[in-house]
Number of protein chains: 2
Amino acid sequence: MRNLCMKVNYDGTAYNGFQTQPDGNTVQDFLEEAIYSLTGEKLKITGSGRTDAGVHAYGQVFNFLTESPIPLRRWCLALNARLPQDIIVTDAIEVPLSFHSRRLAKKKTYRYSINANRFPDIFHRRTQFHHPTQLNVAAMEEGLKHLIGTYDYTSFASRRSQKTDHVRTIFDAHMKVDMSYSRPGSDDQGIIDTYITGSGFLQHMVRIIMGTLIEVGEGKKSPDDIPGILAAKDRSKAGPTAVAHALMLWSVEYHFNSEND
Amino acid sequence: MRNLCMKVNYDGTAYNGFQTQPDGNTVQDFLEEAIYSLTGEKLKITGSGRTDAGVHAYGQVFNFLTESPIPLRRWCLALNARLPQDIIVTDAIEVPLSFHSRRLAKKKTYRYSINANRFPDIFHRRTQFHHPTQLNVAAMEEGLKHLIGTYDYTSFASRRSQKTDHVRTIFDAHMKVDMSYSRPGSDDQGIIDTYITGSGFLQHMVRIIMGTLIEVGEGKKSPDDIPGILAAKDRSKAGPTAVAHALMLWSVEYHFNSEND
């Protein structure tokens, strides 16, 4: 019996999220079907966490126990040959039997991509939220910095969250503005990518953070409102839930070296 | 009567190229239908040149004569509202009645995008040629440099080319390698973007140049073979025509300021 850990990229447009659910058509379902087709094993994989319907991933991580003797180096190509074009397994390693993708995840990074140019980008519209009107990016970044730390993020969690503890840690959060797709001399504001790294995220947390920051960028809220919104522990104080398709699970970090992690 | 000049971006995946042809479904057809729907004028637009089926454009240019009184600033949004999602008009200016998009084009730049990482990039596969095996990029660049200058490019033109004169000038040609989508510690070779700027291009010219350079990168040809291939003026000496979907018309340059250009 071996424990295999893999990295998977997916374009979430066509799927009902990562994790298996009654309606089917999830990334997990397709991965499990590909493994079944390859090894004949009907097994359940463990993902680092769910992603909502429409959300993408560059570096989602999952693991599973297998009795297959297939050598490690052949797994990626063999699975990719059995997966739809918009799901790609890029890495496979063997890990200790005790390894668990969800429980041992130490940090997750999400990227949220806003196209603040006047026109949508036809080549990236599946992964960008198009916001053609004025955004105060400096104010958004100031607001974002208030969210770094260890807090009860109830105000930024879906009311449907089933977690009892809403305390999480955001280790780092920053924005990058890429003007390379902007028209010279225009009022294009570039592609604004927000990266948020945390210990874990509540349901819709990144999307509610972004919906709130977009209101800050539009001048409807002030960056200085963020501490009060956090302290209120009340979902109604934050902004709307930003659209799913601009969100990407960017990476998941583990501390493989430490036995007790 | 006004002469309007516009810039258009399109994802060429779904179209039979830019220019109107008997089978229909071209970018030009959709632009002319959008103009008709907006102004009621059944007119013909003039593009800076054709692009093959499947080829994309970030900065294709076209112009047309119109009697419509619609203010300049309203054209882009009004046309985009009448165009499919994968065609977007991004700029509109008024030009002298004598302006002609094709005849006055001074320089065109194409980009050809090769994904030389082990796995395809799900978010860019519509615009990249995936080449997962070893490519000698330094040799490809050396070969590319031999193509800069003024030459008879018959070896790099489709046999179906109907032009009598195959002399063109390539002003600049270079490659950029982007490792930001590559997996650390892997043998991923990055995204290799080749930019070629010329006075004009023969049918399939950029794709045959790229097919030849890929053979150089694979070691099937030497960079020093390029001058001999050029001198032969024989299509059979060059490499195959590289796939269309990795090609993008990047920009078209005009000298608006000079009356006699």
Side-chain angles (χ1 to χ4, degrees), chain A residues 6-15 27 56-60 73 75-77 79-81 83-93 111 113 115 117-128 130 132-133 176 178 180-188 193 245-246 248 250-251 253, chain B residues 6-15 27 56-60 73 75-77 79-81 83-93 111 113 115 117-128 130 132-133 176 178 180-188 193 245-246 248 250-251 253:
Chain A
M6 302 192 179
K7 229 182 236 183
V8 60
N9 300 349
Y10 48 86
D11 177 335
T13 309
Y15 302 103
V27 176
H56 316 289
Y58 246 115
Q60 171 69 294
R73 67 176 187 286
W75 276 89
C76 291
L77 286 174
L79 289 180
N80 290 336
L83 285 166
Q85 274 206 313
D86 46 10
I87 302 177
I88 294 182
V89 176
T90 63
D91 294 274
I93 59 171
R111 183 187 83 176
S113 199
N115 177 353
N117 294 330
R118 185 163 178 215
F119 297 105
D121 181 328
I122 41 178
F123 300 105
H124 297 101
R125 66 191 149 85
R126 291 157 80 96
T127 56
Q128 293 176 343
H130 185 225
T133 55
K176 276 190 206 169
D178 178 358
S180 61
Y181 293 97
S182 301
R183 296 162 305 142
S186 74
D187 55 359
D188 283 356
D193 283 337
H245 79 268
M248 174 111 61
W250 195 250
S251 62
E253 281 179 63
Chain B
M6 302 191 180
K7 228 181 237 179
V8 59
N9 299 349
Y10 48 87
D11 177 335
T13 308
Y15 301 102
V27 176
H56 316 288
Y58 247 115
Q60 171 69 294
R73 68 177 187 285
W75 276 89
C76 291
L77 286 174
L79 289 179
N80 290 336
L83 285 165
Q85 273 207 313
D86 46 10
I87 303 178
I88 294 183
V89 176
T90 63
D91 293 273
I93 58 170
R111 184 187 82 175
S113 198
N115 177 353
N117 294 330
R118 186 163 178 216
F119 297 106
D121 181 329
I122 39 176
F123 300 106
H124 297 102
R125 66 192 149 84
R126 291 157 81 96
T127 56
Q128 292 176 342
H130 185 224
T133 56
K176 275 190 208 171
D178 178 359
S180 61
Y181 293 97
S182 302
R183 295 162 306 142
S186 72
D187 54 359
D188 283 355
D193 283 336
H245 78 268
M248 174 113 58
W250 194 250
S251 61
E253 281 180 62

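Chain identifiers are assigned alphabetically (A, B, ...) following the order of the sequence lines, protein sequences preceding nucleic acid strands; residue numbering begins at 1 within each chain. Fair warning: this is a prediction, and the values are worked out from it, not measured in the lab.
Residue A:Ile88 comes nearest to B:Ile122 through the heavy atom pair CD1-CG2, 3.5 Å, listed as atom of the first residue, atom of the second, then distance.
Of the atoms belonging to A:Asn117, not a single heavy atom falls under 4.5 Å from chain B.
Residues B:Arg118 and A:Leu77 are in side-chain contact: their nearest non-hydrogen atoms beyond the backbone lie under 4.5 Å apart.
In this structure, the side chain of B:Arg183 engages the main chain of A:Thr90 through a donor-acceptor pair within 3.5 Å.
Residue with the most contacts toward chain B among A:Tyr10, A:Tyr181, A:Phe123: A:Phe123 (heavy-atom pairs, distance under 4.5 Å).
The OG1 atom of A:Thr127 lies 7.0 Å from the NE2 atom of B:His124; values are rounded to the nearest 0.5 Å.
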